[in-house]
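Just so you know, residue 1 is the first one in the sequence shown, and it goes up from there. Being a predicted model, the structure only gives us computed values, none of them experimental.
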Amino acid sequence: MMRTRPLKVALLGCGVVGSEVARIMTTHADDLAARIGAPVELAGVAVRRPDKVREGIDPALVTTDATALVKRGDLDIVVEVIGGIEPARTLITTAFEHGASVVSANKALLAQDGAALHAAADEHGKDLYYEAAVAGAIPLIRPLRESLAGDKVNRVLGIVNGTTNFILDKMDTTGAGYQEALDEATALGYAEADPTADVEGFDAAAKAAILAGIAFHTRVRLDDVYREGMSEVTAADFASAKEMGCTIKLLAICERAGDGASVTARVHPAMIPLSHPLASVRGAYNAVFVESDASGQLMFYGPGAGGAPTASAVLGDLVAVGRNRISGTTGPGESAYAALPVSSMGEVVTRYHISLDVADKPGVLAQVATVFAEHGVSIDTVRQQGKDGEASLVVVTHRASDAALGGTVEALRNLDTVRGVASIMRVEGE
């Protein structure tokens with residue numbers, strides 16, 4: 001039986017995502033009511049520019065006073081899509097204090113202060129849902145938090161930023177340079193005017209922190225995530241990758257150590273074999289590969305950004321929270337019981353692809369091989385090309401720690417026969 005009293009929802013932010021949330025709430029009102037068990041009423045919309053025309057939204061609902069809106073006391077759910085740390089953090093905690101549950105898409109805030117927000121939600125007996133914070137429309141948070149709650153997740157490996165995947169895909173398929181591919185992404189609206197958050201890995205790092213925390217039942221903050229951008233990836237790197245039967249992706253990687261005693265979270269460009277499912281993810285799409293004990297390998301794929309896809313995830317959370325509200329319950333909160341230590345990047349073990357500019361003369365390969373051996377890094381393959389006294393030497397290692405590889409590279413730079421280190425890239429996904 002449907003409840004007649006509507007659930008009152010306040011919307012903080014009415015940009016690309018917020019406007020789509022409002023539109024879907026209106027156009028799908030009957031379906032949402034049937035799924036939740038009560039009508040949903042948009043009770044207020046907080047914005048910065050009140051004079052802007054917002055199609056389908058009653059101007060009487062629009063306010064610039066977000067604090068007063070969340071303090072009303074009659075709200076059931078607050079949807080936060082303004083982003084950033086403040087005032088979002090204060091508005092969310094204020095919403096809890098005044099009786100509302102919260103649905104958020106704020107990856108940066110959740111990665112930085114997720115534990116405190118969960119504690120505030122628990123203190124006031126309210127829900128905090130955030131499916132839209134990672135990978136847009138792709139159902140990922142709820143499967144990790146609920147569907148795989150009885151399993152042990154060992155690794156989460158994914159492409160979680162559509163802008164970077166579009167750029168790298170263009171470089172791979174057309175031979176374009178980094179700047180050319182970035183310019184096209186900007187022209188098509190995939191990249192912001194300032195693309196730093198995307199191309200330097202900040203966006204993906206926030207998502208990695210959230211994923212690692214949920215997957216490993218451990219608090220992982222943004223500062224715990226190793227981050228390396230992709231602006232230095234070149235056409236030559238893609239040529240080398242193709243010779244290895246690989247492509248290059250900016251990956252978010254969260255994994256348990258082999259002994260299960262610690263976890264790591266990192267974001268960086270990496271070569272992955274063309275046979276790996278993530279290698280075929282094209283354009284601005286996202287995909288996340290999950291490996292666990294019982295279920296084995298799972299892949300989640302779809303549009304990772306955009307107004308409608310992200311709004312879809314927000315509305316899915318709104319339905320779940322609305323159902324909880326009606327039944328007088330709350331959904332799963334933070335699960336950090338494992339409290340595993342987060343290891344540094346130096347302890348991460350993986351393969352490496354190193355391209356060196358060297359003198360084209362006898363004995364160079366032997367010198368380089370000796371340096372690798374002295375640092376305990378085993379070589380898998382070597383490829384050398386030379387002309388007119390100069391040469392390039394490409395070394396692919398077996399698995400080694402990041403610290404060991406760092407020491408090796410430092411020693412290589414000190415060799416008279418090594419002119420420079422052209423590139424270093426990790427090899428993942430095997």
Original post:
Is there a side-chain contact between E428 and L251 (heavy atoms, below 4.5 Å)?
Top reply: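 In short, these two side chains touch, coming nearer than 4.5 Å.
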Original post:
Are any non-hydrogen side-chain atoms of V418 and R413 less than 4.5 angstrom apart?
Top reply: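 Contact flag for V418/R413 side chains = no.
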Original post:
So, the side chain of R351 versus the backbone of H398: is there a donor-acceptor pair under 3.5 Å, distance only?
Top reply: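 No, the answer is negative, given that no donor and acceptor are paired below the 3.5 Å cut-off.
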Original post:
Would a distance-only check, ignoring hydrogens and angles, find a side-chain to backbone donor-acceptor pair under 3.5 Å from K242 to D172?
Top reply: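 Yes, because the side chain of K242 sits within donor-acceptor range (under 3.5 Å) of the backbone of D172.
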Please check if the number of heavy atoms outside [X] that lie under 6.0 Å from its [atom1] is greater than 12.
X	atom1	result
D65	CG	yes
R48	CZ	no
E86	CD	yes
E192	CD	no

Carboxylate-amine/guanidinium contact [X] [Y], below 4.0 Å:
X	Y	answer
R266	E228	no
D317	R142	yes
K8	D76	no

Original post:
For the residue pair H217 and Y337, does the interplanar ring angle fall in the parallel (under 30°), tilted (30 to 60°) or perpendicular (over 60°) class?
Top reply: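 Taking Y337 first and then H217, their aromatic rings sit tilted (interplane angle of 30° to 60°).
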Is there a donor in the side chain of [X] and an acceptor in the side chain of [Y], or the other way round, less than 3.5 Å apart?
X	Y	value
S401	E347	no
N414	E410	no
S104	N106	no
T164	D198	no
E200	S231	yes
T93	E97	no
D402	Y352	yes
S355	S423	no
N154	D293	yes
T234	D237	yes

Original post:
Under the ring pair (Phe, Tyr, Trp, His ring centres under 6.0 Å) test, which residues partner F289, sequence neighbours left out?
Top reply: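 Testing F289 for ring pair (Phe, Tyr, Trp, His ring centres under 6.0 Å), a comparison that skips the adjacent residues, returns H276.
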Subject >> S327: which of T329, N324, T330 passes side chain to side chain donor-acceptor pair (under 3.5 Å) >> reply: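 Of T329, N324, T330, side chain to side chain donor-acceptor pair (under 3.5 Å) with S327 is met by T329 alone.
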